[in-house]
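Both backbone and side-chain heavy atoms feed into the values below; hydrogens, waters and symmetry mates do not.
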Amino acid sequence: MAALKFIDAGEHAKAKLPKEDVQEPKVEDISADLEADLQKDLSEEATLAGFKIHPDKLASVVGSFEIKTLRKMGVEGLAKRLNVSLDEGVKSNDVPIRQRIYGPNTYTEKPSKSFLMFVWEALQDLTLIILIICAVVSIGVGLATEGWPKGMYDGLGIILSIFLVVFVTAISDYKQSLQFKALDKEKKKIFIQVTRDGCRQKVSIYDLVVGDVVHLSIGDQVPADGIFVSGYSLLIDQSSLSGESVPVSIDGKKPFLLAGTKVQDGSGKMLVTTVGMRTEWGKLMETLSEGGEDETPLQVKLNGVATIIGKIGLGFSVLTFVVLLSRFLVTKAINHEFNKWSSDDAMTLLNYFATAVTIIVVAVPEGLPLAVTLSLAFAMRKLMDDKALVRHLSACETMGSATGICTDKTGTLTTNHMVVNKIWTLDNAKEVESDGHKDVMKSELSESAFSILLQGIFLNTGSDVVKDKNGKTSILGTPTESALLEYGLLLGGDFDDQRQGPKIEKVEPFNSEKKKMSVLVALPDGQKRAFVKGASEIILKMCNRVLDGTGESVNLSKEHETAAMNVIDTFANEALRTLCLAYKDTSDGSTGGSIPETGYTLIAIVGIKDPVRPGVKEAVKTCLRAGIIVRMVTGDNINTAKAIARECGILTDDGIAIEGPDFRRKTPDEMRQIIPRIQVMARSSPTDKHVLVKNLRGMFKDVIAVTGDGTNDAPALHEADIGLAMGIAGTEVAKESADVIVMDDNFATIVNVAKWGRSVYINIQKFVQFQLTVNIVALIINFVSACVSGSAPLTAVQLLWVNLIMDTLGALALATEPPHEGLMERPPIGRNVGFITKTMWRNVIGQSIYQLAVLLVFNFAGKQLLELEGSDATVTLNTFIFNTFVFCQVFNEINSRDMEKINVFRGMFSNWIFLGIIVATVGFQVIIVEFLGTFASTVPLSWELWLLSIGIAVVSLPIAVVLKCIPVGGEMKQHDGYDLLPSGPDQV
């Protein structure tokens, strides 16, 4: 058994099904005209390669449902025209030539925006355009009055500052677009099973070629246009193409399959006829423009905040301009110069206007939406490294507010690597051991009973045992079926030998509603035999007989039934997944061609071991500490579910474990009473999961995350606030309905998504706190100074630099902080909790008062305090104020790293992005002050003034400590209808 290799193909088995005879329509003779039409314009390369049908003609036959043309060729005939065997599939070395002639299975994508397009978009900002016009006018007036080059310094400084802001913004947006493009590529990674070189194998849908034989099963997305070859009860949802919600049954009479549709039920094989842009889906995609990502709830909320702040800024801007203009006009009137206007006056008015416009630039916090996008993009990239693919931006944000997780058991809490651990045949339970078990079973069972057991394993399966070119045996299929097949091989069974004689006539594949799989086979002696396997209690109810050790089918007495139920309970209490195998011999016509539902003979009960994943228990503890209730929702036996739930720490002494059928019979009032205490739901159907999620969100206002892997989980995933699909076991339908794909199917990864979601929310709050402080100080100091002294200490160029620090660089620094463990020590943030908390206002107001007090004192009494004299005293003072203001923002940025904790340096020196931005800000500030005075209206400062600027800024650190010691009122909220808890950031 060591040579066995298991290939998990998802919960619904991308598996080989026995070939069914398809009633192919009678093949008619092809006329010379039709033959000429089929091969018209076919290239010489295609003819030499053995192809006898033109790509466009083939696409037309399938896309237009030309059944008459297909009947004339026949499916086998079409396969010959495509130079492929339906049994062997495409030869790997033929793939390149097929891609050249019939095209690759890729779609034309909308070209990505270039970097220059992002620059152009950044330049569309109206306030920046007005500033550019002001700068150009300033240059014109300056050159006329002061000559070259002095006359252009002010205007050129504004233009250079604007272009610096534009380029930094464009670089940030461009990098984000590249990240999202990479994430989008990851979303589109879908694998499908095909027959190639005579072997069943997985390939990417983008590697499919015309002539491939594709295996379809429940939940798959049809990857290309094609023709039905064989299958069982194949039901296709074509709503994505036709808009029709009623699924279409595909068979020999309706053989056309179209790309983009989904398998709703059954299974089958199809011959790929059209790929890429020639498919109907490709043509549809060509007519659609790529839709952008919708704004997340937090972005919408912050856009509202930005609008309000912008309006306040506009008001300050207009007031500042009116005050400056009024003082200017009054001064001219007092000096009797109202009739004397010079170019200097024009420059003064122009500078007033530029300052007013720049105040708007600073006040409009365009960095708020940018910070959300940056933080989400950063979190998405990190989560992708941690095996979580976020499909929708808002999911990452919403996950931070999750109050409950409804999780599957198999593969999420457990490893999904299953082995048969115990087996029970009538009155005899055996532990399965690799050595000698075959001989033990042969000695216990007669030859006929042993043969029926092997038939029940190998004939009633949706999985496959294959050998590669090196003769190595692999099992393709679900973990449960792989475990059964492994056991059959352990007993000495041969998959191919068992399948050669009997002919499978009908298959009902497993689904999570019926919780069973059935087949009807015709044995070589002409007898019909039905096999069924599935959930133990369900199969046991279908049985009225049991197979004894001699191979005789005897009545299932009450004692036998009680013994079987005891075995099921015993296995389940040992955390084993239990399955029953049964069969029924039928005579021709007694079932009318359908698989019987009753009268079966019980063959065996098997107990399958699926160990709990390492780290799950710790992850569940983390959730409970974070106020997130974990509920297990599984299709397994209730005793198995309870045993696993206790091992994981989900089921507590006061919790309830309930079965799906019992739950769905409860009245709404009864549900209201028990739902808060439900921790395990066993034998649940997808409908039960959907009802549970709907009530948790509706009755209790919980924010719920739900995991799902099957097609039928789609409604619950859609209903949930956050749908989490399994990357390994999940079907394509489930993945498409989900917000996040958990690529390693691990519960610990889900907890990681919650932690990053909380980090995003907190990071945005940090940035808003930082930006509000800068906004308040910049607006008030310029306004008060304009009102009192008639001039603004911060010029247009200086304010543009502050705007860059505040918006783009501040967003980069604070929005990309990684999460820390403390985030999972507080309760979730409720649905309707205000974004700007009392804690934030305390920090903003405290820091603003300190900065304003210092800067206004220096603005009005700075020359005396600093003993500045001479012609450059005013510009030196303004430079000092500008320098002090910028350094205050540097330390404000550091203070904003934690809104509650005193130690703001924790983790700072390991965050290279944050450190890099702080160093870059300080470095560029030195360059502006010391070397770019001509453009920035600054002069070099003495080292004493530099130290004083830095010292004043450093004082903000102990002030932040004092502020954090001031208690704020607990912001209480009704939490999920259970009790009152402090909300989010204000719980220290």
Side-chain angles (χ1 to χ4, degrees), residues 11-12 218-219 237 245 264-265 395 398-399 401-410 412-413 510-516 534-535 537-538 623 628-638 640-642 644-645 650-651 655-726 730-731 733-734 736-740 750 831 975-978:
E11 189 63 32
H12 294 289
I218 295 176
D237 174 6
S245 57
Q264 189 164 312
D265 202 359
T398 311
M399 194 67 194
S401 301
T403 57
I405 299 174
C406 295
T407 176
D408 289 331
K409 175 184 76 69
T410 306
T412 308
L413 299 172
F510 177 88
N511 70 45
S512 50
E513 283 286 351
K514 296 177 181 175
K515 300 193 186 304
K516 64 184 177 71
E537 301 92 316
I538 293 170
C623 283
I628 302 171
I629 298 168
V630 182
R631 295 175 175 89
M632 178 199 287
V633 184
T634 178
D636 259 357
N637 175 287
I638 191 162
T640 307
K642 283 159 73 174
I644 294 287
I650 292 172
L651 184 60
I656 292 176
I658 191 171
E659 289 190 320
D662 295 336
F663 174 75
R664 70 182 80 120
R665 285 194 291 267
K666 300 288 183 189
T667 65
D669 286 339
E670 288 173 327
M671 283 189 179
R672 186 181 292 276
Q673 295 300 316
I674 66 165
I675 282 176
R677 292 177 57 214
I678 288 177
Q679 292 172 342
V680 175
M681 189 185 288
R683 287 292 179 235
S684 67
S685 69
T687 308
D688 298 328
K689 187 189 282 191
H690 182 257
V691 171
L692 176 64
V693 172
K694 192 173 181 179
N695 284 323
L696 281 168
R697 295 183 70 235
M699 286 183 185
F700 302 99
K701 306 303 177 190
D702 274 8
V703 179
I704 296 296
V706 172
T707 70
D709 52 15
T711 305
N712 292 328
D713 286 327
L717 291 171
H718 187 72
E719 175 68 33
D721 294 283
I722 312 103
L724 301 152
M726 299 298 105
T731 63
V733 172
E736 201 164 284
S737 301
D739 303 297
V740 179
I750 297 169
R831 284 182 189 274
H975 181 73
D976 311 327
Y978 309 143

- Side-chain contact, heavy-atom cut-off 4.5 Å: I675 with L692? yes

- For E670 and T667, indicate whether the former's side chain and the latter's backbone hold a donor-acceptor pair under 3.5 Å. yes

- Would L651 and I644 count as a side chain to side chain contact (heavy atoms under 4.5 Å, CB included) if you check the C-alpha gap in whole Å, the side-chain angles of each, and the deciding distance to 0.1 Å? CA-CA 9 Å; L651 184 60; I644 294 287; over 6 Å; no

- Message: Is any side-chain heavy atom of T634 closer than 4.5 Å to one of M681?
- Response: no

- Are H690 and V693 close enough that some pair of their side-chain heavy atoms sits under 4.5 Å apart? no

- Non-hydrogen atoms of P668 and M699 that approach each other most closely: O-CE, 3.6 Å

- Message: Quick check on salt bridge (charged side-chain N to carboxylate O under 4.0 Å, His left out): which of R664, R665, K694 does D688 satisfy it with?
- Response: R664

- Message: If you define the side chain from C-beta out and look only at heavy atoms, does anything of V706 sit under 4.5 Å from K689?
- Response: yes

- Item | K515 atom NZ, neighbour heavy-atom count above 12 within 6.0 Å | yes

- Task: Applying side-chain contact (heavy atoms from CB on, under 4.5 Å) between L696 and each of D702, T403, I678, report the one that passes.
- Result: D702

- Task: For N695 and V691, indicate whether the former's side chain and the latter's backbone hold a donor-acceptor pair under 3.5 Å.
- Result: yes

- Query: So, do I218 and F510 sit near enough that their side-chain heavy atoms are less than 4.5 Å apart?
  - Reply: no

- Heavy-atom closest pair, residues A395 and V740: CB-CG2, 3.9 Å

- Looking only at heavy atoms, what is the nearest atom pair of A738 and G723, with distance? CB-O, 3.5 Å

- Message: Is there a side-chain contact between R683 and E537 in this structure, where contact means two heavy atoms from C-beta onward sitting under 4.5 Å apart?
- Response: yes

- Query: How many angstroms lie between CE in M632 and OG1 in T410, if you round to the nearest 0.5 Å?
  - Reply: 8.5 Å

- Query: Can you list the residues that meet the salt bridge (Lys or Arg N to Asp or Glu O under 4.0 Å) rule with K516, with sequence neighbours excluded?
  - Reply: E508, E597

- Item | Separation of S401 OG from I722 CD1 (nearest 0.5 Å) | 8.0 Å

- Task: State which residue, out of D721, I405, V703, fulfils the side-chain contact (heavy atoms from CB on, under 4.5 Å) condition with M399.
- Result: I405

- Side chain to side chain, I674 and I658, heavy atoms closer than 4.5 Å: yes

- Can you name the side-chain contact (heavy atoms from CB on, under 4.5 Å) partners of R677, sequence neighbours left out? I656

- Task: Could you tell me whether the side chain of T707 and the main chain of D408 form a donor-acceptor pair under 3.5 Å?
- Result: yes

- Beyond-backbone contact of R631 with V680, side-chain heavy atoms, under 4.5 angstrom: no

